[in-house]
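Accompanying notes for the structure given below.
Read the numbers this way: they start at 1 and go in the same order the structure lists the ligands and their atoms.
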Amino acid sequence: MEDWEGYWEEDKFMKIVSGSSNKPLAEKIAKNLNTSLSGVEIFVFPDKERRIRILDKVLDSNCAVVQAADTPADQKYMELFFLVDGLKRSGAESVTAVIPYLGYQRQDHIFREGEAVSLQVIVETLEAVGVDKIITVDLHTIKIPELFKIPIIHLSALSIFAEKIKEIENNLRKIVLVSPDMGGIRRIKILSEMLGNCSYATINKDRDLSTGTVSAKEIEGEVDGKIAIIVDDMISTGNTILTAAKLLKEKGAEKIYVFATHGIFSDDAGKNLQNNLIGKVFVTDSVFISKEKCFEKLEVLTISTLIANNLK
Ligand code: R5P
């Protein structure tokens, strides 16, 4: 066999590049695909500007960039835009942006007169820098993919949650899935089907749009004497979960577990969730959770196989 034949064989595989936001997840995805991460240099200047340089040959290759857009989302998006630009200028055939957590997704439409639609700006910039396809996980609403002109694969961690729920409680009749707001009903209906149509309940949540304060008074559904499993797309301040947990306890829930795809854990969320109300909090590794943000009751489930299977 000539030397160059091996070169082309190797080159057929997808090249995986990681931004700096969630390298452990990118490494796991690469391992799942029997490869290792391609070389990239991310140099940070004293004024915090970033210089990106693609170190591997990517000419005519299909590439994937893994970059979660969690806090600080602006910086992480800029890094992603530069990585995509670097890959395109180096001749990449295609670039898939794997954005396990799509920052700014809660600003997907105008809530009050005069507001910007920040997510639309992000979407248009991703398209403008040359992203060919997006892979993301558990978006805030199922309408968000409609904002993209390029193909988007919207994955869900619900099947991973279903497996974990069966592991922690085998008597599914004792379980009630709880959506902490009306917007999450679709999510818990799907999960309920995965768990043999177990019962579910919904909380009527109110959020003050200017202060962000969350309140909840009513639950639709029976929770008394049940093991309540709160399911949400993300935890930021933790106020939604805490408000739901307090109400569930008041209404007689025996035990409370929390499942959320994205563990953003802003401010003191971790500390506040480490309390007597909640048995355990499960999130995925869609964003990297630093040691400082970890807490005893937290367990992180990986979505690396889910993503890798969609890159094959
Ligand atoms: C809101 O509609 C979302 O589904 C989450 O419930 C919310 O974003 C969580 O935010 P926080 O943890 O700050 O209450």
Side-chain angles (χ1 to χ4, degrees), residues 68-73 99-112 115 117-119 122 136-145 147 154-158 161 177-192 200-221 228-249 256-275 277-278 280-284 286-287 289-290 292-295 297-298 300:
D70 56 313
T71 328
I99 315 175
Y101 173 68
L102 191 79
Y104 282 101
Q105 58 179 289
R106 289 178 293 176
Q107 295 184 50
D108 60 339
H109 65 272
I110 293 173
F111 293 88
R112 292 172 304 171
E115 285 181 349
V117 185
S118 309
L119 183 62
I122 300 290
T136 190
V137 186
D138 283 334
L139 292 167
H140 185 57
T141 75
I142 52 161
K143 287 191 86 61
I144 289 175
L147 299 177
H154 181 192
L155 302 174
S156 172
L158 287 179
F161 290 171
L177 302 177
V178 180
S179 174
D181 53 38
M182 291 301 179
I185 299 179
R186 188 185 153 271
R187 206 171 289 130
I188 53 165
K189 279 188 180 167
I190 296 172
L191 190 55
S192 160
Y200 57 83
T202 317
I203 292 178
N204 248 324
K205 174 181 104 172
D206 253 345
R207 189 190 282 274
D208 184 308
L209 284 178
S210 46
T211 61
T213 316
V214 171
S215 59
K217 285 186 191 74
E218 296 160 35
I219 301 182
E220 279 177 25
I229 298 184
I230 306 174
V231 185
D232 210 350
D233 56 336
M234 62 184 288
I235 301 174
S236 176
T237 60
N239 288 338
T240 299
I241 297 297
L242 284 171
T243 309
K246 279 180 200 151
L247 189 61
L248 286 166
K249 259 277 147 26
I256 298 169
Y257 291 104
V258 176
F259 283 77
T261 306
H262 312 293
I264 305 297
F265 301 132
S266 311
D267 307 327
D268 283 334
K271 239 186 253 164
N272 297 338
L273 291 168
Q274 180 68 31
N275 60 33
L277 287 173
I278 296 166
K280 217 159 174 192
V281 177
F282 297 89
V283 294
T284 75
S286 65
V287 302
I289 300 165
S290 63
E292 301 77 60
K293 286 191 174 183
C294 281
F295 51 99
K297 290 187 176 178
L298 178 70
V300 182

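Judged by distance alone, the side chains of S236 and S266 do bring a donor and an acceptor atom under 3.5 Å apart. Donor-acceptor pairing under 3.5 Å is lacking for the side chains of T243 and K205. Donor-acceptor pairing under 3.5 Å is recorded for the side chains of R207 and T240.
Between I229 and the choices F282, Y257, Y200, the side-chain contact (heavy atoms from CB on, under 4.5 Å) rule is met once, by Y257. When R106, H262, Q105, H140 are each tested for a side chain to side chain donor-acceptor pair (under 3.5 Å) with D233, only one passes: H140. No option in D138, T136, V137 other than T136 meets the side-chain contact (heavy atoms from CB on, under 4.5 Å) test with L102.
Every protein residue with a heavy atom nearer than 4.0 Å to ligand 1 is included here: R106, H140, D181, K205, R207, D232, D233, M234, I235, S236, T237, G238, N239, T240.
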